There are 4 protein chains.
Amino acid sequence: MPKSASTLSVPPPRAKFDKRRDKLLVIAARCFNEQGYDAASMRDIAREMAILPGTIYYYFPSKESLLVAVHQEGVRRILAKIEAALAKSSADPWERLSNASAAYLESMLGVDRDLCAVIISEFPRRHSKDLRAELLAARQIVDDRFRNLVADLPLRRGVSRSLWRLALMGQLAWTHAWYQKGKQTPGEIGRRLVDFLRRDSEN
Amino acid sequence: MPKSASTLSVPPPRAKFDKRRDKLLVIAARCFNEQGYDAASMRDIAREMAILPGTIYYYFPSKESLLVAVHQEGVRRILAKIEAALAKSSADPWERLSNASAAYLESMLGVDRDLCAVIISEFPRRHSKDLRAELLAARQIVDDRFRNLVADLPLRRGVSRSLWRLALMGQLAWTHAWYQKGKQTPGEIGRRLVDFLRRDSEN
Amino acid sequence: MPKSASTLSVPPPRAKFDKRRDKLLVIAARCFNEQGYDAASMRDIAREMAILPGTIYYYFPSKESLLVAVHQEGVRRILAKIEAALAKSSADPWERLSNASAAYLESMLGVDRDLCAVIISEFPRRHSKDLRAELLAARQIVDDRFRNLVADLPLRRGVSRSLWRLALMGQLAWTHAWYQKGKQTPGEIGRRLVDFLRRDSEN
Amino acid sequence: MPKSASTLSVPPPRAKFDKRRDKLLVIAARCFNEQGYDAASMRDIAREMAILPGTIYYYFPSKESLLVAVHQEGVRRILAKIEAALAKSSADPWERLSNASAAYLESMLGVDRDLCAVIISEFPRRHSKDLRAELLAARQIVDDRFRNLVADLPLRRGVSRSLWRLALMGQLAWTHAWYQKGKQTPGEIGRRLVDFLRRDSEN
DNA sequence: CATGAATGAGCCTTCATTCAT
DNA sequence: CATGAATGAAGGCTCATTCAT
């Protein structure tokens, strides 16, 4: 086959690069989630990926940048799942919140567990200021999405929407500490947790 | 004063040892809380304590044992505060839970912040099996106390007490991620969070 | 020379790695021999090798593994020398033992002094069970070779071959404690020591 | 009892001191023998003695001085046993050497095993010059005793008495590497080893 | 006599990172 | 693209030793 022709049939440039980068991201997320960011070494990640440690630096300039990328990818996937759920929802604000919560936990406790869990198990206090800002910005996006959903709720006058939202987020996040695959699906748990906070707060 | 009586006022043996050990505990807790267990080095702790790194090992045989001791002391203080609050409470189960939650957050977000926060910010997944068992045992004690309080509540039939309790614990624990000294006191926050879950769930 | 033939002369893969690893082995052996295993620090070894301490771990995963490798290499060299000497020997069992003893001391007191001496100057009592097993296994190989040579000797009835062998091994090993380059060569010493035990024991 | 009288009945001054010092010596010897000089820590020794580490320094100014004292005591006991055996011996030089060798191994492999074994298992190469001198001086005393015994033997002309003696000493010392309590007593082994070297060498 | 407490140097090891090839 | 090799700092921890009490 002539060389010039092959360029037409190959996937777009950097496709291979992006594919390996994505795989690296997932593996790094798993390591971070299983061992903690500090305890997970670049060697661990490289070993799981079956490459040499130095090679990681071709895809990411530093360990911190890996962490940021994991956060961002986690947020991306959560948001995608939430938006997909909302797209199928009615206009009822409680149903919308319920669906969003279910989607959130499906990401967090399901297939994307590692990528998403890093978002809540990493307390960024210890990191450098720049890193901290990036991590918090990523989380902020999910927070904002829920803020909007809560804003639409017909809560009773006097109920602090901000505290109410934090209560819900706490319930959802904490599942990471106790959930084990069992009788209830992540989605069911998400709906029930919303229900706990629901009727009393209603107008 | 007769000499025989003095034995009552004499400080117990190893008083100096215990005092420094306690101080070390508090400082270690602060370091763990600020930087994370892995990122906090024994040298950091020693520097804050104004002693040489080796000296820590006179008080604790290892870094892990320090972590365990911090957990245990944190649990001890939380429980003491909760029990004190319950002693002043009426028999009303909702009031009792409300007071306990307030006490819990007063510990967690107040003076004992560092000691107590380690309990929830440390995800023991990455540690050795023995260490993990000890850390989880410490947490279990607080969990059990709340389990008892929830058992006394007149919840509506069909509400899972175990999920309900996890919802509350999640709300409380998550305050650690967002609380900053401000208009609401930790105690007030604790009561409000209980209220969010309250009336709808009642019988 | 045709290219196809060059595969024979090309250095095997990882040639550089192996070369430096071997050099490290020799230097470590010297340090162990001069200062004792415990007293010889990885820093010492690194300094002699003109590398940083951490670099050693690229070649050996631990200090203990270095010790094991030194033992194994020492045994390998001793055996090679002994077999070479036996290959040139007649069938006379006394001559064979004499040649083997000479070869043994030529290794132990000569060029391979450091590598080989570790074998007898390291009393493995203090090490972990696994390490001890590996060290003893290495020694066993040399022991077995001599056991075979002794089995062929026409010793008088009633002479315990096992004690007789230990007597010879003791004489040979102890040279490490007193030998200094001087008038007698290691080989001569080996032959004389065998002679001391020889004629009286004969059939 | 009046205080003044008690001074008459108590053991000579420093008797208690000496007794504890001796016990310390024995315990240190055991630790050195079991773990090696470097690996045996002052803390280990103190623990076995049921005192605090600092207290050792009341009896010995340093770890090295402990080693020297162990060596000296080991040599003292070996020599005492040898002299006692010689006192009961005839004038026959072979019998005298045989008895001395038996006595030597009875010390080395028997009750005084720890104290005496340190003498041969410690290769002083690694120590400071002064320490080395003291250790070698202690060994020299035993060496000299055997040198005298060998000088009296009617060896064949042409046999190097010095090499012959080193051969014997090697056989004896090496028992430390293989002896285990079993069918043969240390004394029997000593006599047999001398026999191995005997008749052929005779005039 | 003996202790409790501390010291400071040093140990083995691990790590994120770099860079010539 | 990826590797092999090295770096240098830092990690947890142990040690012989000291000294006021």
Side-chain angles (χ1 to χ4, degrees), chain A residues 14 16-17 20-21 37-46 49-66, chain B residues 13-21 37-46 49-66, chain C residues 13-21 37-46 49-66, chain D residues 14 16-17 20-21 37-46 49-66:
Chain A
R14 302 184 68 75
K16 186 178 167 198
F17 176 92
R20 301 208 61 168
R21 190 180 180 278
Y37 173 73
D38 289 307
S41 73
M42 296 297 266
R43 276 166 175 78
D44 291 336
I45 297 169
M49 186 78 182
I51 55 175
L52 291 196
T55 306
I56 298 180
Y57 290 83
Y58 178 70
Y59 297 94
F60 295 94
S62 70
K63 192 185 181 187
E64 288 196 344
S65 72
L66 245 179
Chain B
R14 301 180 71 72
K16 188 181 170 193
F17 177 92
D18 287 340
K19 210 171 156 188
R20 301 217 61 171
R21 190 181 181 278
Y37 174 74
D38 288 309
S41 75
M42 295 299 264
R43 282 163 172 85
D44 290 337
I45 297 170
M49 185 82 180
I51 56 178
L52 291 193
T55 305
I56 298 179
Y57 291 84
Y58 182 68
Y59 296 93
F60 294 93
S62 69
K63 193 185 180 187
E64 287 197 346
S65 74
L66 244 179
Chain C
R14 299 179 74 72
K16 187 180 170 193
F17 177 92
D18 287 340
K19 208 170 158 190
R20 301 216 60 170
R21 189 179 181 278
Y37 174 74
D38 288 308
S41 75
M42 295 299 264
R43 282 163 172 84
D44 290 338
I45 297 170
M49 185 83 179
I51 55 176
L52 291 193
T55 305
I56 298 180
Y57 290 83
Y58 182 68
Y59 297 93
F60 294 93
S62 70
K63 193 185 181 187
E64 287 197 346
S65 73
L66 245 181
Chain D
R14 304 184 65 76
K16 186 179 166 196
F17 176 93
R20 301 207 62 167
R21 191 180 178 279
Y37 173 74
D38 289 306
S41 74
M42 296 297 266
R43 276 167 175 78
D44 291 336
I45 297 169
M49 186 80 181
I51 57 175
L52 291 195
T55 306
I56 298 181
Y57 290 83
Y58 179 70
Y59 298 94
F60 294 93
S62 72
K63 193 186 182 188
E64 289 197 342
S65 72
L66 246 179

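Every value quoted in this text rests on a predicted model; they were computed, and no experiment measured them. Lettering follows sequence order; numbering is per chain, from 1.
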Round to the nearest Å and state the distance from D/R21 atom CZ to E/dA2 atom C1'. 18 Å
Between C/A40 and D/Y58, which residue's closest nucleotide on DNA chain E lies nearer the 5′ terminus? D/Y58
Listed pairs under 3.5 Å, donor-acceptor, residues 37-46 of chain B side chains, sequence neighbours left out:
{"residue": "B/Y37", "atom": "OH", "partner": "B/E64", "partner atom": "N", "Å": "3.3"}
{"residue": "B/D38", "atom": "OD2", "partner": "B/R126", "partner atom": "NE", "Å": "2.8"}
{"residue": "B/S41", "atom": "OG", "partner": "B/R43", "partner atom": "N", "Å": "3.4"}
{"residue": "B/S41", "atom": "OG", "partner": "B/D44", "partner atom": "N", "Å": "2.9"}
{"residue": "B/S41", "atom": "OG", "partner": "B/D44", "partner atom": "OD1", "Å": "3.4"}
{"residue": "B/S41", "atom": "OG", "partner": "B/D44", "partner atom": "OD2", "Å": "3.2"}
{"residue": "B/D44", "atom": "OD1", "partner": "B/R47", "partner atom": "NH1", "Å": "3.4"}
{"residue": "B/D44", "atom": "OD1", "partner": "B/R47", "partner atom": "NH2", "Å": "3.4"}
{"residue": "B/D44", "atom": "OD2", "partner": "B/S41", "partner atom": "N", "Å": "3.2"}

Phosphate oxygens OP1/OP2 of E/dC11: is one of them under 4.0 Å from a side-chain N or O of C/S41? yes
So which atom in B/S65 and which in B/S62 form the shortest heavy-atom distance, rounded to 0.1 Å? OG-O, 2.7 Å
Does the side chain of C/R20 reach to within under 4.5 Å of the side chain of C/I51, using non-hydrogen atoms? yes
Whole-Å distance separating the CE atom of B/M49 from the C1' atom of E/dA5: 12 Å
Using whole Å, what does the distance between atom P of nucleotide F/dA6 and atom CD1 of C/I56 come to? 12 Å
Who pairs with A/R21 by side-chain contact (heavy atoms from CB on, under 4.5 Å), at least two apart in sequence or on another chain? A/F17, A/Y59, A/F60, A/A69
Between C1' on F/dA10 and CG on B/D44, what's the gap in Å once rounded to a whole number? 11 Å
List, with names and distances, any nitrogen or oxygen atoms from the protein found under 3.5 Å away from nitrogen or oxygen atoms belonging to nucleotides 17-19 of chain F.
{"residue": "F/dT17", "atom": "OP2", "partner": "D/Y57", "partner atom": "OH", "Å": "2.9"}
{"residue": "F/dT17", "atom": "OP2", "partner": "D/K63", "partner atom": "N", "Å": "2.8"}
{"residue": "F/dT17", "atom": "O5'", "partner": "D/Y57", "partner atom": "OH", "Å": "3.3"}

5' precedence on DNA chain F between A/L52 and B/D38 (nearest-nucleotide basis): A/L52
Quickly work out the C/F60 CZ to E/dC12 P distance and round it to whole Å. 15 Å
What pattern of brackets, bars and dots sums up DNA chain E from 5' to 3', given Watson-Crick or G-U wobble pairs under 3.5 Å, [ ] for crossing pairs and | for another strand? .||||||||||||||||||||
Check this one for me: any side-chain N or O of A/R20 less than 4.0 Å away from OP1 or OP2 of F/dC1? no
Whole angstrom value for the distance that separates P of F/dA16 from CG of D/L66: 11 Å
On DNA chain E, does the nearest nucleotide to B/I51 precede the nearest nucleotide to C/A39 from the 5' side, or the other way round? Give the residue. B/I51
By ring-ring contact (aromatic ring centres under 6.0 Å, His included) - contacts of D/Y57 (at least two apart): none
